Every structure is written in C-alpha cells, then in structure tokens.
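Every value quoted in this text rests on a predicted model; they were computed, and no experiment measured them. Here is how names work: the chains are called A, B, and so on, in the same order as the sequence lines, proteins then strands, and each is numbered from 1.
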Protein chains: 2
Amino acid sequence: MAINLDESQSLQLWHSAAMAQVLDNVPDLTLRQTAIILTIYLQRPPHTVRGLAATLNVTKPVITRALDTMGMMKLVTRKRDPSDRRNVIIQRTVDGSLYLEKLAEIISTSAGELRL
Amino acid sequence: MAINLDESQSLQLWHSAAMAQVLDNVPDLTLRQTAIILTIYLQRPPHTVRGLAATLNVTKPVITRALDTMGMMKLVTRKRDPSDRRNVIIQRTVDGSLYLEKLAEIISTSAGELRL
DNA sequence: ATAAAATAGAACGGAACCGAAATAAAACCG
DNA sequence: CGGTTTTATTTCGGTTCCGTTCTATTTTAT
C-alpha cells in the first residue's frame, strides 16, 4: 500500500506536526540536525563524520558541531574507531531513541488527524 | 479516507523530507518559523502578532522577529490595520506561496517514496 | 482631558549556528 | 624513517535566534 498525500494534505501534516513540537517545547533541532539524527537512527551503521557530511552534502565542521550539540543533549554519542583511530563512530542512545519515538508519535498523530 | 502512518513510516517520511530540504539548500526556517508561516497560509485571516503569539504559545517578540526574518525573505508582509492602528496584519506573498508549494511537493514526493 | 490598557517593536546580553581556514592526530606510502 | 594524505576538530568573524525587559503608539475608560 503506497501512501499518497496531495499538496494540501502535505502542508496540513507539516503544520500540525510543527505546531505540536512547538507547543510541546520539544528541544528544537535545526533541519540539518534533524536530517543527521534520522540518518543515524534509520540507516545502517557505522556512521562517521565524513560519511554523514557526504550524505548531507555539507562540510565536516557542520557535522562535528551538530554532534557536539546533540551529544550534550544525550541524543547521540561518539566513539573512536579502534581499527582506524582517525575515524569517529557515531552511536545511538536511549535518550535519542526516546526522542525519535516521541517525534514519530507526533507525526503519526498528525497524519491521523488529516481531513479532506 | 483517513491517512494512517505507523511510527516507522512517520520517521522515514520526516527523514526523506528533511534530507530533501537540506540537499536543495532550501532557506531553512526554524521550527517556530515553519509553524508561523504555515499558520498564516493555512488558516483563515486576519493574522496579528498577538494572535500568532497566542496560537503558538510564545511571546510577541518571537513573532516580531520571525516576521522580520521572513519579511526580509519576502515570505510574508506586514500592514497596519486601518481600523485599529495598534494591530499589524500579516499577509501572504507570491514568494511565500511558492516556498510552500515547493515544501508541499517535497513532502508529497517523500510520502510517495515510502515503502513498507 | 487624562489615566489606564493593549499592541507591536526595540534594546540588551547570552547562546547557537554558519562558512572558511587553520590545527592535530593517525594512517599510508615511497 | 619522512613526507603526504586522511580524518576530525578548533578557531575566527559574522549572523541569527532566544528570553526578558523596556519603549512607543494607539485605543479605551473615567
């Protein structure tokens, strides 16, 4: 079963989900940070700074800074790759999983409220 | 027909849409700004600073600053309410409509790419 | 007319982000 | 070994955003 959203429904969904996040005072990530954390949690590991930078087509400092911020929020952690100590492996956390679970619930609920 | 998205699909949709926006170098609005512009374009006018602040449960300076930014981007315009000159009426623009049309297309496309 | 209330914006200090360039550490290669 | 490449981070100057507080303008009420 394919999901088909027309443009009006798409905007309603985005609006509802954005409103819910603003009202919930959810710690708000930038669009880039959102793309990064979702890539980390949805795509197969391992994830490195270089890999994420390539995937998002941004410079590495952008990734480093986003990881700093999300690291302080406990949404991700970093670890040196033992086999090549230049690399940093980005890992998931319990808090990160909870954050995304909550986000998923907001989106899912917003979708359920869509009216034609 | 009701739209039902499970949590995995919700995150995939959000990921895909966030990625598309990052890759397109779309001018990235904060979550609050996104909620504001969508409220302006999806809900019935008139929109005032006070009304938007109440709707989003934020202070008025937050709205003023968001309108400053989005005004410079030509996504919205402001006009004094002639009948009560304390009020500012926020209005849509052609550029704002185009911006949202593009956003809608990104989300719609992302939804279409969802697989189970 | 004068005082009070309401609306929007400005000012301020602090925090986060950006792009670009410079730095540090590790691995590779001749 | 010594030099080069690769990886990640730090630094720099500039911009934007935030919350709080203060100000200016307009309307309403006494």
Side-chain angles (χ1 to χ4, degrees), chain A residues 18-19 21-40 45-91 99, chain B residues 18-19 21-40 45-91 99:
Chain A
M19 285 295 303
Q21 289 180 77
V22 170
L23 293 176
D24 279 15
N25 269 325
V26 104
D28 72 317
L29 303 181
T30 64
L31 204 55
R32 284 173 168 188
Q33 291 170 343
T34 301
I36 291 170
I37 193 173
L38 282 168
T39 298
I40 293 168
H47 297 288
T48 64
V49 172
R50 173 180 156 69
L52 290 171
T55 300
L56 302 203
N57 195 33
V58 296
T59 60
K60 286 187 288 185
V62 168
I63 304 296
T64 295
R65 282 184 299 242
L67 295 179
D68 288 344
T69 304
M70 294 193 291
M72 278 188 294
M73 295 176 182
K74 310 273 190 201
L75 299 180
V76 299
T77 52
R78 279 183 274 203
K79 199 189 73 175
R80 282 281 161 190
D81 178 353
S83 75
D84 182 342
R85 297 183 40 73
R86 287 174 304 182
N87 288 329
V88 161
I89 305 294
I90 296 106
Q91 295 175 307
Y99 173 83
Chain B
M19 284 296 302
Q21 289 180 77
V22 170
L23 293 176
D24 279 16
N25 269 326
V26 104
D28 78 314
L29 302 181
T30 65
L31 204 55
R32 286 173 168 191
Q33 290 170 343
T34 302
I36 291 170
I37 194 173
L38 282 169
T39 298
I40 294 167
H47 298 288
T48 64
V49 173
R50 173 182 154 70
L52 290 171
T55 299
L56 303 201
N57 195 33
V58 296
T59 60
K60 286 184 288 184
V62 168
I63 304 295
T64 295
R65 282 185 299 243
L67 295 179
D68 287 345
T69 304
M70 294 192 291
M72 278 189 296
M73 296 176 182
K74 310 274 190 200
L75 300 180
V76 298
T77 53
R78 279 184 273 202
K79 199 188 73 174
R80 282 283 162 188
D81 178 353
S83 76
D84 181 343
R85 295 183 43 73
R86 288 175 304 182
N87 288 328
V88 161
I89 305 294
I90 295 105
Q91 295 175 309
Y99 173 83

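- In this structure, A/R32 reaches the C/dG19 phosphate: one of its side-chain N or O atoms is under 4.0 Å from OP1 or OP2.
- Along DNA chain C, the nucleotide closest to A/D81 and the one closest to A/A66 are compared, and the more 5′ of them pairs with A/A66.
- The OG1 atom of B/T69 lies 11.5 Å from the CD1 atom of B/I37; values are rounded to the nearest 0.5 Å.
- Along DNA chain D, read 5' to 3', the first and last nucleotides having any atom under 4.0 Å from a heavy atom of chain B are D/dC17 to D/dT27.
- One can place NZ of B/K60 at 11 Å from C1' of C/dA5, the figure rounded to the nearest angstrom.
- Rounded to whole Å, the distance from CG on B/N25 to C1' on C/dG19 is 12 Å.
- Nearest-nucleotide assignment on DNA chain C puts the 5′-proximal partner with A/T30, out of A/P61 and A/T30.
- B/I40 and B/H47 make their closest contact through O-NE2, 3.3 Å (heavy atoms, listed as atom of the first residue, atom of the second, distance).
- Within a 6.0 Å sphere centred on CG of A/D68, heavy atoms belonging to other residues, nucleotides or ligands number more than 12.
- A/D84 meets the salt bridge (Lys or Arg N to Asp or Glu O under 4.0 Å) test with A/R86; sequence neighbours excluded.
- Among all heavy-atom pairs drawn from A/R50 and A/K60, the shortest one is CA-CD, 4.3 Å.
- For A/N87 and C/dA26, the shortest distance from a side-chain N or O to OP1 or OP2 is not below 4.0 Å.
- Of all non-hydrogen atoms in B/V76 and B/I90, the two that sit nearest each other are CB-CG2, 4.1 Å.
- At a cut-off of 3.5 angstrom, the base of C/dG19 holds at least one donor-acceptor pair with the side chain of A/R65.
- Distance, A/M73 CE to C/dA16 C1': 10 Å, rounded to whole Å.
- In terms of heavy-atom proximity, A/L56 sits nearest to B/L23 at O-CD2, 3.5 Å.
- Atom-to-atom, CD1 of B/I90 to C1' of C/dG9 comes out at 13 Å; the value is rounded to the nearest Å.
- Separating the CD atom in B/Q33 from the CG atom in B/L38 is a distance of 12.0 Å, to the nearest 0.5 Å.
- Atom-to-atom, CD1 of A/I63 to C1' of C/dC18 comes out at 13 Å; the value is rounded to the nearest Å.
- Here the nucleotide nearest the side chain of B/R80, chosen from C/dC17, C/dC18, C/dG9, is C/dG9.
- Atom CD1 of residue B/I36 and atom CD1 of residue B/I63 lie 4.0 Å apart, to the nearest 0.5 angstrom.
- Of all the residues in residues 47-58 of chain B, B/T48, B/V49, B/R50 reach under 4.0 Å from DNA chain C with at least one non-hydrogen atom.
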